[in-house]
Amino acid sequence: MHGANRGLSTDISRADDSRFAPISEREVLFSLVPKQRAAQDQLQMSTANTHAANSPHSKSNASKPESARIDPETVTISGYAVGERYGPDSVVTQDPTDPSKAHARIGEAGEYPFTRGVHKTMYRSRLWTMRQFAGFGSADDTNKRFKYLLENAKGTKANTGLSTAFDLPTLMGRDSDDALSAGEVGRCGVAIASIEDMHRLYADIPVGEVTVSQTINAPAAVIWGMYLAHAQERNIPWTALGGTLQNDILKEFHAQNEFIYPPEPHVKLVVDTIEFASLHLPKWNSVSISGYHIREAGSNATQELAFTLRDGMEYVEECIKRGLDVDGFAPRLSFFFNSHNEFFEEICKLRAARRIWAKAMKERYGAKNERSLLMRTHVQTAGCSLTEQQPLNNIVRVALQAMAGVLGGCQSLHTDSMDETLGLPTEQAVRVALRTQQIIAHESGVHRTVDPLGGSWFVEALTDQMEKDANAIIKEIDDIGGVVAGVHKGYFRRSIAEASYRFGQEMEAGDRIVVGMNAYTDGNDEKQVEILEIPHAVETEQNARLAKMRASRSNDEVKRALTAIRTAARKGENVMPSLVAASLVRCTLGEQVQAMADVYGRYSGGPEW
């Protein structure tokens, strides 16, 4: 879950805004209290200074007395105290000059600022892509799972894509036979160390027709180079390849810790991939700017929203510094958000994200192409919300989170499997997760109209407030010098830790109920699901294949290819051509990563607090 439970309760600061009370993670007050406090139905409101002003779209600003008490049941996960009811006096939803039209900030789907969706007809004409995350064991094991997923998606109107999970050694840029990889090969994803593994991973899969997502960050450029080289050897033109490279290194420094080089050269590599894709792969999303991992690390929804979009702005600014035309690369930028348990908060987060991004691209960066303004996003249900206790309950959590992602207007969706807190998903758990999406798509009727919650007084008010608060955080990041400067100052880690700590306090106090964890615990000791176990043979067989490949390749070609990578890195050139060339001569993942480390150095991490 979000954070350790510390046996503390927390006072909730309320803003003057009578509709929402966002909590400042930098001003929130914590107080040691007796355990009996956990049983109280209400929390005493803090008299601390509040940080949020009224929404510019609010018609009412009546403030509540400082002595009022807040019922914790009215407070969202992100700290918004929700009013009892909303109506026409709560928020403006109509155009003031023409009441038959929506207010300009709400607009229509497919039109600026895209609050209601990026496409005019949304799911009426095309369902979201059902992109199930898969990867375990060997490349052959995962190839079978990919084919299973594609077979089970037949007959649906949704586009089906593959999403690849890599094991920890691969995520850290190390070969399967590296000493530090021992015991981890194939455990939390698929082991990929060379182009030969890439061929086995996608064998008999028409990658020129099926979109492929690759969840890889620190060594993303190398893995992508292997994928492009593998397509080249299969005579599949790069122009036919569609998919997404996660490739968002900034969130690794904030949350997930899977980095190799210092922030500056790592961001340079992201720009290299964006530039290369803009020149050679018109259907490829070269970066998926990710809030998902930020949320999984313990942030609240507003922080996830702000940090993700500001990370995206950092990449845009670095591309512009490279001399790239914003309208040449921005249409292929994509995003990746979490969908947590707070149903309406998650919907409003996605609506606010589209509006903030469209305004930033138009007003801050001068984009002219309408496609540059679109915040196209993948959504994955919240792994951090799943519980080891009573894992079958996770099916319900995932269904609600998936529905929130759909009502929020996502373009693709992954639904977690019920057993992911226990191990890699079993085939049965994966099937249930996929069927959850298919039931939403075909039985709920949610796709029949565009943005069915648009114009709701509550939804529009919360969207406005989240937009306002996220923009305030973005300005704060701007003021400290941008994202990379914030990484070096520990800004993001500190903010996430504070939010996680607050959640842990609320849960320990009983103010935040999690079924099966701190309430309704009957049945927790029962074994309810089978667990997928990865045999050690996966590692030994993978290392044997790798040794055989090393023995059969040309060492002279490998040496020349690695020298070319170092030269490109040292000169500040785009490294992608040299990475593709190195993959073609069977240089391994670890060798290519180390060649760049010889120039960039390795990063041990910034300040923790």
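- Between the side chain of E342 and the backbone N or O of I77 there is at least one donor-acceptor pair closer than 3.5 Å.
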Point to revise | Derivation and outcome, side-chain hydrogen bond (donor to acceptor under 3.5 Å, both in side chains), residues Q428 and R431 | key: CA-CA 5 Å; Q428 180 189 36; R431 184 188 304 114; over 6 Å; no
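- Counted within 6.0 Å of CZ on R371, heavy atoms from surrounding residues, nucleotides or ligands total 12 or fewer; the atom is thus considered open.
- Residues D416 and R397 are not paired through a salt bridge, judged by the lack of any N-O separation under 4.0 Å between the basic side chain and the carboxylate.
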Check your understanding: Hey, mind stepping through T302 and Y80 against side-chain hydrogen bond (donor to acceptor under 3.5 Å, both in side chains) and telling me if it holds?
Key -> CA-CA 10 Å; T302 311; Y80 291 101; 2.9 Å; yes
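- In this structure a side-chain-to-backbone donor-acceptor pair under 3.5 Å is missing from D311 to S290.
- Residues F307 and I473 are in side-chain contact: their nearest non-hydrogen atoms beyond the backbone lie under 4.5 Å apart.
- One finds the CH2 atom of W128 at 7.0 Å from the SG atom of C410 (value rounded to the nearest 0.5 Å).
- Annotation: side chain of T381 is not in contact with side chain of L386 (no heavy-atom distance under 4.5 Å).
- Considering all non-hydrogen atoms of both residues, S495 and Q303 come closest at O-NE2, 3.2 Å.
- Side-chain contact between N341 and Q401 is present, with at least one heavy-atom pair separated by less than 4.5 Å.
- Checked for salt-bridge contact, K120 and E108 miss the test: no charged N lies under 4.0 Å from a carboxylate O.
- Q437 places no side-chain N or O within donor-acceptor distance of the main-chain N or O of A402, the cut-off being under 3.5 Å.
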**Study point:** Stepwise side-chain contact (heavy atoms from CB on, under 4.5 Å) check, T211 with T244
**Key:** CA-CA 8 Å; T211 60; T244 301; over 6 Å; no
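- Here the closest non-hydrogen pair linking I249 and N217 is CD1-C, 4.2 Å.
- In this structure the side chain of T377 reaches within 4.5 angstrom of the side chain of Q411, judged on heavy atoms.
- Rounding to the nearest 0.5 Å places CD1 of I474 at 12.0 Å from CG of D479.
- The pair E498-R502 does not count as a salt bridge, with every side-chain nitrogen at least 4.0 angstrom from each carboxylate oxygen.
- The pair R105-E460 does not meet the salt-bridge criterion, since no charged nitrogen lies less than 4.0 angstrom from a carboxylate oxygen.
- Taking the six-membered ring for Trp, F458 and F344 have ring centres closer than 6.0 Å.
- No more than 12 heavy atoms of other residues, nucleotides or ligands lie within 6.0 Å of CZ in R124, so this atom counts as exposed by the packing criterion.
- Side-chain contact between F329 and C319: present, with at least one pair of heavy atoms (C-beta onward) separated by less than 4.5 Å.
- The OG1 atom of T436 sits 9.5 Å away from the CE atom of M418 when rounded to the nearest 0.5 Å.
- With a 4.5 Å cut-off on side-chain heavy atoms, S288 and D248 do not count as touching.
- Between R376 and N285, the side chains place a donor N or O and an acceptor N or O closer than 3.5 Å (distance only, hydrogens not considered).
- For the residue pair D469 / Q465, a side-chain donor-acceptor distance below 3.5 Å is found, with atom types taken as modelled.
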Review point. After noting the C-alpha distance and the side-chain angles of K349 and F337, does the key distance pass the side-chain contact (heavy atoms from CB on, under 4.5 Å) rule?
Key: CA-CA 9 Å; K349 177 183 70 182; F337 282 99; 4.2 Å; yes
**Study point:** CA sep, side-chain torsions, deciding dist, call: T421, T387, side-chain contact (heavy atoms from CB on, under 4.5 Å)
**Key:** CA-CA 6 Å; T421 57; T387 64; 5.8 Å; no
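- You'll find the ring centres of Y123 and H447 outside the 6.0 Å limit.
- Taking 4.5 Å as the limit, every side-chain heavy atom of T93 sits out of range of all side-chain heavy atoms of H103.
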Check your understanding: Can you check side-chain contact (heavy atoms from CB on, under 4.5 Å) on D98 and K101, steps first, answer last?
Key -> CA-CA 6 Å; D98 185 354; K101 295 181 180 179; 3.4 Å; yes
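- Not a single donor-acceptor pair under 3.5 Å links the side chain of K362 to the backbone N or O of A360.
- Using a 4.0 Å cut-off between charged side-chain N and carboxylate O, E296 and K251 make no salt bridge.
- Judged by distance alone, the side chain of T521 and the main-chain N or O of M517 form no donor-acceptor pair under 3.5 Å.
- Minimum heavy-atom separation, L305 to A470: CD2-CB, 3.6 Å.
- A donor-acceptor pair is defined here as one N or O able to donate and one able to accept, closer than 3.5 Å; such a pair exists between the side chain of N394 and the backbone of P391.
- The main-chain N or O of K368 is found under 3.5 Å from a side-chain atom of D327 such that the two form a donor-acceptor pair.
- Shortest non-hydrogen contact noted between Q390 and D522 is NE2-O, 3.3 Å.
- Among L245, L162, N247, the one residue that satisfies the side-chain contact (heavy atoms from CB on, under 4.5 Å) test with Q214 is L245.
- Across all their heavy atoms, Y315 and I289 have their closest contact at CD1-CG1, 4.1 Å.
- A donor-acceptor pair under 3.5 Å is absent between the side-chain atoms of R332 and the main chain of S286, judged by distance alone.
- The closest donor-acceptor contact from the side chain of S444 to the backbone of V446 lies under 3.5 Å.
- Between R116 and D451, at least one side-chain nitrogen of the basic residue sits less than 4.0 Å from a carboxylate oxygen of the acidic one, meeting the salt-bridge criterion.
- Looking only at distances, a side-chain donor or acceptor of S78 sits under 3.5 Å from a matching main-chain atom of A301.
- Side-chain contact between L373 and R354 is absent, with no heavy-atom pair separated by less than 4.5 Å.
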Review point. Are Y491 and E476 close enough, and set up right, to give a side-chain hydrogen bond (donor to acceptor under 3.5 Å, both in side chains), and what steps lead you there?
Key: CA-CA 10 Å; Y491 168 84; E476 191 171 72; 2.6 Å; yes
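- To the nearest 0.5 Å, the span separating CD1 on I440 from OG1 on T415 amounts to 7.5 Å.
- Comment: E346 does not engage R351 in a salt bridge, judged by the lack of any side-chain N to carboxylate O separation of less than 4.0 angstrom.
- Taking 4.0 Å as the cut-off between side-chain N and carboxylate O, R355 and D464 count as a salt-bridged pair.
- One finds the OG atom of S334 at 9.0 Å from the CD atom of Q246 (value rounded to the nearest 0.5 Å).
- Aromatic ring centres of H293 and F336: separated by under 6.0 Å.
- The structure places CD of E506 at 11.5 Å from CG of N518, a figure rounded to the nearest 0.5 Å.
- In plain terms, the two heavy atoms of C348 and V459 that are nearest each other are SG-O, 3.3 Å.
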Exercise for review: Go through W357 and F335 one step at a time and tell me if the ring-ring contact (aromatic ring centres under 6.0 Å, His included) criterion holds.
Suggested key: CA-CA 11 Å; W357 186 252; F335 289 82; 4.8 Å; yes
**Study point:** Worked verdict on R435 versus E443 for salt bridge (Lys or Arg N to Asp or Glu O under 4.0 Å)
**Key:** CA-CA 11 Å; R435 293 291 184 256; E443 297 185 29; over 6 Å; no
